[in-house]
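See below for the structure under consideration.
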2 protein chains.
Amino acid sequence: MTDGPVRLDATAKRIIELLQEDGRISYAAIAKAVGLSEAAARARVQKLLDSEIMQVVAVTDPTQVGFTRQAMIGVRTEGDPMRVGDRLAEVPEVDYVVTTAGSFDLLVEVVCEDDPHLLDVIRRVREQEGVLSSETFVYLKLNKQHYNWGTR
Amino acid sequence: MTDGPVRLDATAKRIIELLQEDGRISYAAIAKAVGLSEAAARARVQKLLDSEIMQVVAVTDPTQVGFTRQAMIGVRTEGDPMRVGDRLAEVPEVDYVVTTAGSFDLLVEVVCEDDPHLLDVIRRVREQEGVLSSETFVYLKLNKQHYNWGTR
DNA sequence: TCACAATTCTGCGGTAATCGTGGATTTAAC
DNA sequence: GTTAAATCCACGATTACCGCAGAATTGTGA
């Protein structure tokens with residue numbers, strides 16, 4: 001998140017791909033797949049986690065775990081969009097923030113319990129300094145969500 | 001993805017939250033945290049995975065693993081947006097599709113290697129039957145990405 | 001090219017976690 | 001109240017995890 005681009009060799013990429021398929025695969029299985037000792041594979045994984053290139057986490061469809069309202073908010077800003085984006089990232093209900101080129105400067109995904117909650121979050125976003133306007137896209141259905149795009 | 005809403009008890013929710021923090025936490029640690037035997041905790045996790053309520057995976061910032069171009073594509077459709085969304089979900093470069101209410105019917109996130117690749121993906125999206133128009137937001141920076149929103 | 005330092009890897013032993021199974025317990029349906 | 005299904009626990013055999021010491025590799029500067 002903070003560092004610049006990091007060099008990843010073929011082994012690191014292969015390890016990432018294995019964990020993209022199954023985040024709970026054992027170190028021993030990783031080692032066998034990439035041709036390293038188990039200890040070396042473990043060190044590699046730990047380094048990838050420590051450097052924040054990769055995180056291994058449980059991902060859920062929020063609507064299945066009690067968050068009935070999700071939305072993407074397109075935001076137009078004045079001043080430095082990244083600065084505004086970093087501040088919006090601090091809002092707990094915000095799980096995803098990207099700075100973009102296009103008719104929005106920022107795209108902000110939020111996870112809420114219900115409509116009043118969403119309304120409150122939108123209000124807080126719009127109050128943020130540097131936010132000129134926003135447009136909300138309420139999620140009706142999550143059609144696809146995957147993470148195994150591999151590496152290049 | 002296919003089934004309706006599934007009932008999650010407090011234990012299941014607690015397990016999900018633990019795995020949202022650390023996808024590689026041991027079954028034994030989960031068992032201790034939720035007050036079950038190790039075997040029971042393992043069975044619960046397996047059930048959550050099998051039912052596709054939860055997936056445990058490695059998540060990366062695509063720009064760090066060789067995908068230099070990412071974008072969100074806002075799509076306006078005719079006909080059933082979900083149908084179009086499900087078809088767009090089959091495009092390999094598409095990693096995220098949601099049906100929304102607002103000035104776009106669908107939001108489609110794509111992961112590409114470079115500009116020509118992105119251009120080609122956009123072309124394929126626009127050619128899709130039922131797609132009236134689209135607007136592309138090229139990602140400049142990923143400010144935040146997290147998954148530990150918990151459960152309710 | 002060589003020497004030196006830093007990093008990475010291997011092998012291994014002790015400890016802990018995983019996995020399967022059988023039987024007890026709880027839950028749900030009628 | 002009875003039955004069936006689901007869930008849980010106990011436990012042993014297997015496998016994985018983890019830390020460490022030394023070897024091998026990589027990278028750097030003279």
Side-chain angles (χ1 to χ4, degrees), chain A residues 1-61 63-66 147-148 150-152, chain B residues 1-61 63-66 147-148 150-152:
Chain A
M1 211 76 113
T2 61
D3 297 333
V6 180
R7 250 204 152 338
L8 298 179
D9 61 16
T11 302
K13 290 180 176 177
R14 186 90 189 85
I15 289 174
I16 291 173
E17 286 170 12
L18 289 167
L19 286 165
Q20 282 177 336
E21 289 294 329
D22 174 10
R24 291 186 69 80
I25 185 176
S26 72
Y27 291 120
I30 293 171
K32 191 172 353 174
V34 303
L36 285 180
S37 70
E38 182 271 337
R42 176 159 38 93
R44 293 286 205 123
V45 170
Q46 199 53 54
K47 214 180 66 171
L48 288 169
L49 294 173
D50 290 344
S51 63
E52 295 184 4
I53 289 172
M54 173 185 83
Q55 48 180 324
V56 178
V57 294
V59 178
T60 57
D61 175 352
T63 61
Q64 298 241 357
V65 295
Y147 300 94
N148 54 334
T151 57
R152 298 295 151 92
Chain B
M1 209 76 110
T2 61
D3 296 335
V6 181
R7 215 145 185 30
L8 297 180
D9 60 16
T11 302
K13 290 180 176 178
R14 186 91 189 83
I15 290 174
I16 290 173
E17 287 169 10
L18 289 167
L19 286 166
Q20 282 176 336
E21 290 293 330
D22 173 10
R24 291 186 70 79
I25 185 176
S26 73
Y27 291 121
I30 293 172
K32 191 171 354 176
V34 303
L36 285 180
S37 69
E38 179 273 325
R42 177 157 39 93
R44 302 282 296 235
V45 170
Q46 199 53 54
K47 213 180 66 169
L48 289 170
L49 294 174
D50 290 344
S51 63
E52 296 184 4
I53 289 171
M54 173 186 82
Q55 47 180 327
V56 177
V57 294
V59 178
T60 57
D61 176 352
T63 62
Q64 299 240 356
V65 294
Y147 300 93
N148 54 334
T151 57
R152 298 298 150 89

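Each chain gets a letter, A, B and so on, in the order its sequence line appears, and its residues count up from 1.
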Check whether any side-chain N or O of Lys47(A) sits under 4.0 Å from OP1 or OP2 of dT8(C), and answer yes or no.
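It does, given that an N or O in the side chain of Lys47(A) lies less than 4.0 Å from OP1 or OP2 of dT8(C).
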- Along DNA chain D (nearest heavy atom to each residue), the more 5'-positioned of Ala39(A) and Thr11(B):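 Going by which nucleotide is closer to the 5' end, it is Thr11(B).
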Q) Does Arg24(A) count as lying over the ring of Tyr27(B), i.e. NZ or CZ under 6.0 Å from the six-ring centre, within 45 degrees of the axis? A) yes
Review point. Nearest to the side chain of Ala40(B), which nucleotide is it out of dG20(C), dC9(D), dG19(D)?
Key: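 For the Ala40(B) side chain, the nearest candidate turns out to be dC9(D).
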- request: Output the single nucleotide from dG19(D), dC9(D), dC19(C) whose closest atom is nearest the side chain of Glu38(B).
  value: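 When the side chain of Glu38(B) is considered, dC19(C) is the closest of dG19(D), dC9(D), dC19(C).
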Heavy-atom distance under 4.5 Å between the side chains of [X] and [Y], does that happen here?
| X | Y | value |
| --- | --- | --- |
| Val57(A) | Val56(B) | no |
| Glu17(B) | Thr151(B) | yes |
| Ile16(A) | Leu8(A) | yes |
| Glu52(B) | Asp61(A) | no |
| Leu19(B) | Ile30(B) | yes |

Within residues 25-33 of chain A, the residues having a heavy atom closer than 4.0 Å to DNA chain D are Ser26(A), Tyr27(A), Ala28(A)
Separation of atom [atom1] in [X] from atom [atom2] in [N], rounded to whole Å:
| X | N | atom1 | atom2 | value |
| --- | --- | --- | --- | --- |
| Gln46(B) | dT18(C) | CD | P | 12 Å |
| Leu48(A) | dT8(C) | CG | C1' | 14 Å |
| Arg42(A) | dC20(D) | CZ | P | 11 Å |
| Leu8(A) | dT8(C) | CG | P | 13 Å |
| Arg44(B) | dC9(D) | CZ | P | 10 Å |

Whichever of Ser37(A) and Arg24(A) has the more 5' nearest nucleotide on DNA chain C, that residue is Ser37(A)
